[in-house]
Amino acid sequence: MEIIKKIVVLTIVTSVAAVLLAVTYKNTKPRIDAHMKNELERLRRDVLPRSSGFEEIKIRKEACYIGYDDEGRKAGLILPVSVKGYSGEIKMLIGMSMKGKIEGLYIINQTETPGLGNKIAAAEFTDQFRGLTEKEACLASDGSDGKIDAVTAATISSRAVTGGVKKGFNLYNEYVNYTGKRDILNRVPDGSYWGRGEGAAGPVRVEVVIESRGIKAIKVIRQQEAKRYWAKVKAEIPAKILREQTTEVDTVSGATLTSQGLIDAVQNALESAGRKGK
Amino acid sequence: MNEISLFGIFLSAMIVNNIVLIRFIGLCPFFGVSGRMESAIGMGMAVIFVMTVSSAVTWVIYNYLLVPMGLEFLKIVTFILVIASLVQLEELFMKKYIPNLYKSLGIYLPLITTNCAILAASFLHVDYSFSFIQALVYAIGVSLGFIVVIILFAGIRERLDTAPVPKALAGYPIAFFTAALMSLAFLGFKGLFGL
Amino acid sequence: MNRLKTLTNGLIRENPVLVLMIGLCPLLAVSNNAINALGMGIAATFVLICSNVVISLIRGVIPDQIRIPVFIVVISTFVTIIDLMMASYLPPLHKSLGIFVPLIVVNCIILGRGEAFAYRNRVFDALLDGIGMGVGFTLVIVLIGIIREVSGNGTIFGSARFIAHPAMIMILPPGAFITIGSLMGILNWTRNRQSEKDMIKKEEKE
């Protein structure tokens, strides 16, 4: 009899506790989620000030974001990076303009020594990165191009941050070279679009026809390239682009500038189309 | 966190981020039973035993019961209940099958339920999202770190008993200052393994 | 009169930290600045008051042998509640207190007061005891937090820095031990002096 009473009492107590917790959890969860979302949004705006809308993309399996400005143009990338610091992991968020300059840097999480290494999270340190290119975003003591002053007595922590920024640039380059160009097709609605690129002798204008997320045709509207280059380029590049469905194709050897002009024109058409698609 | 080697996890748990001196967890038994060397060793042994077993069990419960059912918010209640009952079970088991060990460690087992280090080790392996093996290595590292400092501390305190200490500082105050110096020494390991 | 004593007991005479030497972990770990310390103090006080009241309410129906598991369930329930509340209303504080919020569960003050006081007394007394002990804990942790923040970081409650070159060791782990050791030393010293004075008075009378 005693034992049954014990079991009953314990069961009742735990059930009441479970119900109470479930209710609290249900009521606080939306707030916690909303808060985390707001916080993320605020951070994104912090590191990429000119952007108002965001779209998630994967670069090397990392969840990054593309930021768009008010007119729907790409404002830049938001890249999450984590590196080993002096006494633990340092997680940061890097805002990068499409031209490859740092727009903003925010240290999300770090466990560096209080009073020394943890100053890497302060604005005095992170603001130094604003507007720097890949070459410049190193410690001044590490290379002649470096423009970052390390936190006094915390060189290792500071170097960890520049290392993370370097990782961010790698992601950026990866995006520019690969993901960005392929990704764009997914957002382009059907239709024909104009684009221009800069060839060896002047602008190259093309019209690109898109149908159900594929490049259907490429028509050259105008060009003023030298004939002997243009003949080769005209014969190879559009066919390659149509076959591989990407502007990530090799240029024709011996006619690099002209090839690039045509490729850029197609890419430009896709980008303007992608903007309209947004 | 997954790229760090098991050895790194072990050393960082034991020394670099020593649970007592750097993280300030498990201080009550640290000051409570470190008065005599014998009881310090007993408590230390009991901790390594209980911490390893309970980290393993809480890992399984968290990853195979709470996470699939979306009940992560119940982890505080679950972990403490699991640990409390595990301690009881271990006590019964020891009494029956390893009576010699029970004789020497038995009295420390009930005290362990309120040793926050055990619970902390369980929360920390969840925080770090360790794999099962990593969690085990971590638990062993943490408990060895606990043993090392509690034995060192007990050794110092035994000698302090005969030292001429100012009257106002006798007892706990001087023990705290000793701990401060030890903690300062352990700070020197910081940055060694980067966890 | 008696009730007043219950309330004030925890403040100084039986201060859980300085006199009873329990609840040390959060006291030292999160006291590196005054704001964290205050947050921890309030969270622990909330749990202490609630669990004291509930334990006192249900003490009649709990069989003696299973009281500890019941206490643990009650305490951990309130800890989870404060954990969730903090995460939703004060996220930055929640983040900086980290693992020490869930660890309130094993804060010996709470289980200790439940067992030693609330389980044997009426609800109102248990409430007063909870408030007294909680405030006692909060006062000490905030005091340590202020001392460490001022001397170690040159700020107070996150204000502008007013000491140019603070002693950084005070916000590192050793500083916590140094601060509480000094506090206890001072407490002992004043007590010793008091008892010496009493002795002298006694002798004079004789």
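Letters go in sequence order (proteins before strands), and every chain restarts at 1.
Contacts between residues 39-54 of chain C and chain B, counted as heavy-atom pairs separated by less than 4.5 Å, involve no residue at all.
Note that the CD1 atom of Ile99(C) and the CZ atom of Phe123(B) stand 7.0 Å from one another [nearest 0.5 Å]. Within the model, atoms CG of Leu187(C) and OH of Tyr172(B) stand 14.5 Å from one another, a figure rounded to the nearest 0.5 Å. Interatomic distance, CD1 of Ile72(C) versus CD1 of Ile76(B), reported as 13.5 Å (0.5 Å rounding). Leu21(B) CG to Leu28(C) CG: the interatomic distance, rounded to the nearest 0.5 Å, is 11.0 Å.
Interface remark: Lys167(B) contributes backbone and side-chain atoms alike to the contact with chain C (heavy atom separation under 4.5 Å). Neither the backbone nor the side chain of Ile68(C) has a heavy atom closer than 4.5 Å to any heavy atom of chain B. Interface remark: Thr190(C) contributes no atoms to any contact with chain B (heavy atom separation under 4.5 Å). In this structure, chain B has no heavy atom under 4.5 Å from any part of Ile75(C). Contact of Ala175(B) with chain C is not made at all, since no heavy-atom distance falls under 4.5 Å.
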Starting from the C-alpha separation in whole Å, work towards a yes-or-no answer on side-chain contact (heavy atoms from CB on, under 4.5 Å) for Val105(C) and Phe79(B).
-> CA-CA 10 Å; Val105(C) 175; Phe79(B) 282 13; over 6 Å; no

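Considering all non-hydrogen atoms of both residues, Met184(C) and Pro173(B) come closest at CB-CG, 3.8 Å. Heavy atoms only, all atoms of each residue included: Asn188(C) and Ala170(B) are closest at ND2-O, 4.1 Å. The minimum heavy-atom distance linking Phe177(B) with Gly181(C) is given by the pair CZ-C, 3.7 Å. Pairing each heavy atom of Pro173(C) with each of Leu187(B), the nearest pair is CD-CD2, 4.4 Å.
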Under 3.5 Å, which donor-acceptor pairs link side chains of residues 59-71 of chain B to any protein atom two or more places apart or in another chain?
residue, atom, partner, partner atom, Å
Trp59(B), NE1, Phe130(B), O, 3.0
Asn63(B), ND2, Trp59(B), O, 3.1

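Here Ala168(B) is the residue among Ser85(B), Gly171(B), Ala168(B) with the most heavy-atom pairs under 4.5 Å with chain C.
Between Thr179(C) and Phe176(B) there is no side-chain heavy-atom pair separated by less than 4.5 Å.
The environment of CE in Met85(C) is sparse: at most 12 heavy-atom neighbours from other residues, nucleotides or ligands sit within 6.0 Å.
Screening Thr178(B), Leu27(B), Leu181(B), Leu184(B) against Phe177(C) for a side-chain contact (heavy atoms from CB on, under 4.5 Å) leaves a single residue, Leu27(B).
With sequence neighbours left out, the salt bridge (Lys or Arg N to Asp or Glu O under 4.0 Å) criterion links Arg120(C) to Glu115(C).
Sorted by first then second residue, the side-chain hydrogen bond (donor to acceptor under 3.5 Å, both in side chains) pairs that include residues 76-99 of chain C, not counting sequence neighbours, are Asn36(C)-Ser96(C), Asp83(C)-His94(C).
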